[in-house]
**Q** 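First the structure, then my questions, so here it is.
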Amino acid sequence: MTLNIALKHEIDHSYPIHIDPLSTLHFKGKVAIITNPKVAGLHLGYLLSRLSADECYVVTVPDGEQHKGLQTIEYILDRLFEHRLNRKSLLIAFGGGVIGDMCGFAAGIYQRGIDFVQIPTTLLSQVDASVGGKTGINNRFGKNLVGLFHQPKAVYIDPYFLSSLPPREFAAGVAEMLKMAVTFDAAFFDWLDAHDLREPEHLKTAIKQAVRIKAEVVAQDEKEQGLRAALNYGHTFGHVIENETAYTRFLHGETVAIGMVMANEVACELGMMSPHEAMRVKALLERYGLPVHYGIKDVEAFYDAFFLDKKSSDHSITFIIPQGIGGVALRDDIDAALIKGVLARYSEV
Ligand code: GLY
């Protein structure tokens with residue numbers, strides 16, 4: 001006998017993304033703010049002055065991608081149980097992409113899932129990581145290999161937080177904006193090429209456009225069945241670099257920058273991008289002080305690591321390759337020799 005469980009309900013997961021100075025957030029129930037000591041030191045007072053809740057707890061976890069692991073998740077969950085948060089409670093991700101990923105993951109699994117909101121404080125998390133509900137952690141096999149899709153209830157993007165951002169963090173966010181321009185919006189790329197984002201008004205315009213692109217892509221393909229994978233342009237290479245360097249040498253956005261340059265070289269080899277276009281992208285990355293080179297010690301090992309990428313299967317690796325500036329293709333048919341040829345140009349030995 002076969003029984004059927006009917007689960008075809010439509011659930012509306014739509015949520016607002018506010019791009020404005022933070023207004024007062026009211027919440028009936030318990031709230032836990034997940035943050036790190038650096039963000040708490042700089043901005044917790046600002047957040048608390050705009051938050052009203054029945055009970056509010058602050059859980060601080062160590063800063064940095066190298067701490068985005070199961071141990072930290074256990075630590076967060078323990079604090080939530082100690083404070084007796086329940087299914088009606090709310091988590092607030094208050095920090096950069098690492099905090100957002102971990103807070104979202106903890107919210108997704110705590111008592112089988114509670115609500116959370118994102119208040120991103122870095123440029124990278126404002127323009128990319130906080131939107132779209134990707135949550136998770138790294139393990140020794142690679143980056144973001146454990147996690148779930150759990151959409152926030154709202155995202156609050158307040159450019160005020162960026163005033164204290166170190167230049168490297170700022171540039172890392174610019175890399176993600178360039179990613180979106182190169183893959184989806186040639187006019188945005190030209191605009192970025194012509195405007196200095198260190199100018200606050202230009203920055204705000206760019207944030208809005210990047211978030212608009214991200215939101216449109218996520219709305220079409222929430223669970224990354226196709227189109228959304230294009231947002232991983234630069235990441236297939238970048239994740240390997242991050243893992244090889246133990247998440248300590250580069251910021252995530254910096255490895256995306258290097259990965260974009262590598263992907264562009266593959267695109268040039270395939271005739272999908274002209275050397276002039278590749279040069280424009282590289283020059284713009286360099287203008288913001290982003291790294292564009294990485295010394296590969298073992299090309300074969302670097303290539304093998306692609307098989308752990310979530311887009312890969314046993315026999316093929318999916319690469320996100322730009323189609324000129326403003327277009328993109330997902331390619332799982334690229335000859336290994338061509339990819340290894342590009343990687344060999346970065347070989348240190
Ligand atoms: N950061 C890529 C994505 O959210 O799909």
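Counting starts at 1 for both ligands and their atoms, in listed order.
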**Q** Give a yes or no on whether a salt bridge exists between Arg287 and Asp193, defined as a side-chain N under 4.0 angstrom from a carboxylate O.
**A** yes
**Q** Ser312 side chain to Phe306 main-chain N or O, any donor-acceptor pair under 3.5 Å?
**A** yes
**Q** Using the test side-chain contact (heavy atoms from CB on, under 4.5 Å), find all partners of Ser316 that sit at least two apart in sequence or belong to another chain.
**A** Ser313, Asp332
**Q** Write 'none' if nothing qualifies; otherwise put on separate lines each N/O atom of ligand 1 with a protein N/O atom under 3.5 Å away and their distance to 0.1 Å.
**A**
from, atom 1, to, atom 2, distance (Å)
ligand 1, 1 (N), Asp128, OD1, 3.4
ligand 1, 1 (N), Asp128, OD2, 3.1
ligand 1, 4 (O), Lys214, NZ, 2.7
ligand 1, 4 (O), Arg228, NH2, 2.8
ligand 1, 5 (O), Lys134, NZ, 2.9
ligand 1, 5 (O), Arg228, NE, 2.7
ligand 1, 5 (O), Arg228, NH2, 3.4

**Q** Is the backbone of Tyr160 close enough, under 3.5 Å, to the side chain of Tyr46 for a donor and an acceptor to pair up by distance?
**A** no
**Q** Hey, does Arg112 have a side-chain heavy atom less than 4.5 Å from the side chain of Arg87?
**A** yes
**Q** Any chance you could lay out the side chain to side chain contact (heavy atoms under 4.5 Å, CB included) test for Glu169 and Leu124, step after step, and finish with the verdict?
**A** CA-CA 8 Å; Glu169 295 266 4; Leu124 185 140; over 6 Å; no
